[in-house]
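As structure tokens, the structure follows; a few thoughts come after it.
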Protein chains: 2
Amino acid sequence: MDAKVDTSPKSVARCSLRKLSGVRTLSASELSFISTLKSGELKCNAGATVVAESSYTPHIFTVVEGWGFRYKTMEDGRRQVLNYLLPGDMIGLQGAVLKEMDHSVEALTPMRLCMFERSRFFTLFEKQPSLAYDVTWLAAREERILDEHLLSIGRRTAIERAAYLIAFLHHRGTRSGQLNDEDARLPITQNLVADTLGLSIVHTNKTLRKLATRKLLSWKDKGCDVLDPAGLAAVAQWEPPNLKERGAE
Amino acid sequence: MDAKVDTSPKSVARCSLRKLSGVRTLSASELSFISTLKSGELKCNAGATVVAESSYTPHIFTVVEGWGFRYKTMEDGRRQVLNYLLPGDMIGLQGAVLKEMDHSVEALTPMRLCMFERSRFFTLFEKQPSLAYDVTWLAAREERILDEHLLSIGRRTAIERAAYLIAFLHHRGTRSGQLNDEDARLPITQNLVADTLGLSIVHTNKTLRKLATRKLLSWKDKGCDVLDPAGLAAVAQWEPPNLKERGAE
DNA sequence: CGAGTACTTGAGTCCGTTCAATCCCAGTGG
DNA sequence: CCACTGGGATTGAACGGACTCAAGTACTCG
């Protein structure tokens with residue numbers, strides 16, 4: 001892993017499991033518990049591999065800042081991007097629970113991650129049911145996203161898929177605080193879009209050009225300016241999910 | 001929901017969350033706790049809709065017996081099958097945690113389901129951390145399966161996809177006890193396969209015929225006899241996952 | 001200034017599509 | 001008893017969306 005661990009003392013609060021997703025505030029007891037689990041912070045550069053497929057990593061991470069993505073590859077090099085990672089997301093749940101990761105994680109921008117010991121993951125369930133519930137909440141949300149991606153790749157046309165992806169990333173980026181009205185630039189390459197949508201690079205390019213012609217987006221440098229999120233969502237026949245706050249009930 | 005609730009007293013043990021997946025045996029305390037959560041059993045016929053998209057269902061289910069599948073649809077009728085349901089699987093986690101289901105569930109064969117009250121779902125986290133962990137384990141496994149499906153639809157060719165799906169279903173069916181060496185018949189239609197793989201029915205048929213010619217499977221009545229699971233897995237370049245038993249560590 | 005990466009575009013090919021017709025079988029009702 | 005219906009499987013033909021191949025631009029970086 002070409003990334004370095006930041007061992008200097010940092011605020012625990014910004015590392016929390018769910019505060020980052022902006023949905024729930026944590027109690028003092030929860031915060032102090034998290035501080036006992038936390039084993040450090042990790043900063044990495046764009047392009048860094050955070051977790052490699054099928055390798056054993058004794059850590060779980062939460063994203064504090066930056067963009068990343070997780071993907072699988074086949075032996076002959078075919079690659080499929082599974083989902084994107086943003087502040088509030090968790091990395092390594094599969095590894096923690098199933099004892100093995102079958103996908104890799106790579107940073108898209110410089111990232112700041114919070115590190116936890118996998119070995120103490122189960123104590124979270126024993127000692128902090130509310131946090132354990134949060135973990136399950138995150139897992140259920142991930143499942144929901146994957147469901148939608150599956151529908152997208154399986155049944156949407158190329159232009160619908162592309163529109164969906166950009167609208168989706170815009171939505172998530174905005175929600176997580178990585179994007180705002182002034183800066184709606186997605187830090188992705190067309191190569192990555194192709195590997196997310198299951199299309200070739202060439203056809204991805206031609207499809208994105210069509211969306212650009214319609215003034216729904218514009219591609220600059222190595223990124224995508226989202227001009228009309230609602231328009232994109234309309235093309236994709238997709239409605240951004242509006243998650244309700246989790247409650248104990 | 002065209003299914004009827006069986007209110008007669010039944011054994012709790014066979015309804016457990018994880019015993020059904022054959023991985024872990026439950027303690028007496030866990031069994032008695034489950035009995036307090038359980039609110040009934042549900043039997044339904046093949047073709048029955050267990051849960052309808054975007055409807056509110058106050059229940060969570062676990063599958064005791066039979067095959068089912070969950071899917072999403074678009075307004076114009078396009079359908080995408082997301083995953084299949086087998087004994088030991090849970091239905092409604094998304095609904096329980098995110099407060100809304102965005103997919104439907106349908107029975108493929110007659111099914112027997114165990115019903116739980118969604119309202120008491122959180123107490124499971126408070127009172128039985130070990131069972132809560134099991135729920136998360138199931139969620140992580142589902143995520144892993146969806147990852148593989150995504151790779152399949154996104155990057156595999158038609159014949160690879162088909163081979164993967166049949167091998168996958170055979171693997172799951174065998175693991176869950178629904179299939180054995182004598183009876184390796186998958187209760188699916190080609191229409192369903194098409195909606196799982198993101199292909200048209202016509203091309204799905206032609207692709208399956210090729211696999212039949214290679215003596216990897218044979219299609220009969222409304223089902224698929226799996227002749228050579230390993231051969232199918234090889235065509236798909238897929239390795240069946242070998243999940244380790246969950247441990248507290 | 002060469003090398004590498006990202007994006008773009010045109011041309012031709014092929015995989016998977018739609019359209020269409022046929023067959024089989026299980027219900028269902030006259 | 002048999003015509004009628006409908007779902008599932010099958011096959012041929014023709015179209016088209018997405019593919020590969022190929023070439024070229026623009027930019028960054030050592």
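Chain letters run A, B, ... following the sequence lines, proteins first, then strands; residues in each count from 1. Below, each value reflects all heavy atoms present in this structure, side chains not excepted, and no hydrogens, waters or symmetry copies. On a predicted model such as this, the values are computed, not experimentally measured, just so you know.
- Here the side chain of A:Arg155 pairs no donor or acceptor atom with the backbone of A:Leu150 at under 3.5 angstrom.
- B:Leu199 comes within 4.0 angstrom of the backbone, heavy atoms only, and of no base.
- Closest to the B:Trp219 side chain, of the nucleotides D:dA9, C:dT9, C:dT17, is D:dA9.
- The NZ atom of A:Lys222 sits 6 Å away from the P atom of C:dA6 (whole-angstrom rounding).
- Rounded to whole angstrom, the span from the CD1 atom of B:Ile201 across to the P atom of D:dG8 amounts to 9 Å.
- Taking atom CG of residue A:Asp195 and atom C1' of nucleotide C:dA6, one finds them 14 Å apart after rounding to whole Å.
- Across D:dA9, D:dC19, C:dT9, the shortest atom-to-atom separation from the side chain of A:Val202 is found for C:dT9.
- Note: CD (B:Glu160) to P (C:dG16) measures 10 Å, nearest angstrom.
- Picking from C:dC7, D:dT10, C:dG16 the nucleotide with the shortest atom distance to the side chain of B:Asn205 gives D:dT10.
- Under 4.0 angstrom from either OP1 or OP2 of C:dT5 there lies no side-chain N or O belonging to A:Gln190.
- Here the P atom of nucleotide D:dC27 and the CG atom of A:Asp221 are 9 Å apart, to the nearest Å.
- Rounded to an integer number of Å, the gap from NZ of B:Lys210 to P of D:dT11 is 13 Å.
- In this model, the phosphate group of D:dA9 is not approached by any side-chain N or O of B:Arg209 to a distance below 4.0 Å at OP1 or OP2.
- As rounded to whole Å, 13 Å separates atom P of D:dG17 from atom CZ of A:Arg161.
- Closest to the side chain of B:Thr189, from the set D:dT11, C:dA6, D:dG8, is D:dG8.
- If you find the closest nucleotide of DNA chain C to A:Leu208 and to A:Arg155, the one lying nearer the 5' end belongs to A:Leu208.
- Looking only at distances, a side-chain donor or acceptor of A:Ser200 sits under 3.5 Å from a matching main-chain atom of A:His203.
- Within the nucleic acid shown, A:Gly198 comes within 4.0 Å of sugar-phosphate atoms alone, with no base atom in reach, counting heavy atoms only.
- When side chains are defined from C-beta on, A:Glu148 counts as touching A:Tyr164, because their heavy atoms get closer than 4.5 Å.
- For the pair A:Arg172 and A:Tyr84, the cation-pi test (distance below 6.0 Å, angle within 45°) is failed.
- In this structure, A:His170 NE2 and A:Leu165 CG are separated by 13.0 Å, a value rounded to the nearest 0.5 Å.
- D:dA14 atom P lies 12 Å from atom NZ of B:Lys206, rounded to whole Å.
- Between A:Thr157 and B:Ile188, it is B:Ile188 whose nearest contact on DNA chain D lies nearer the 5' terminus.
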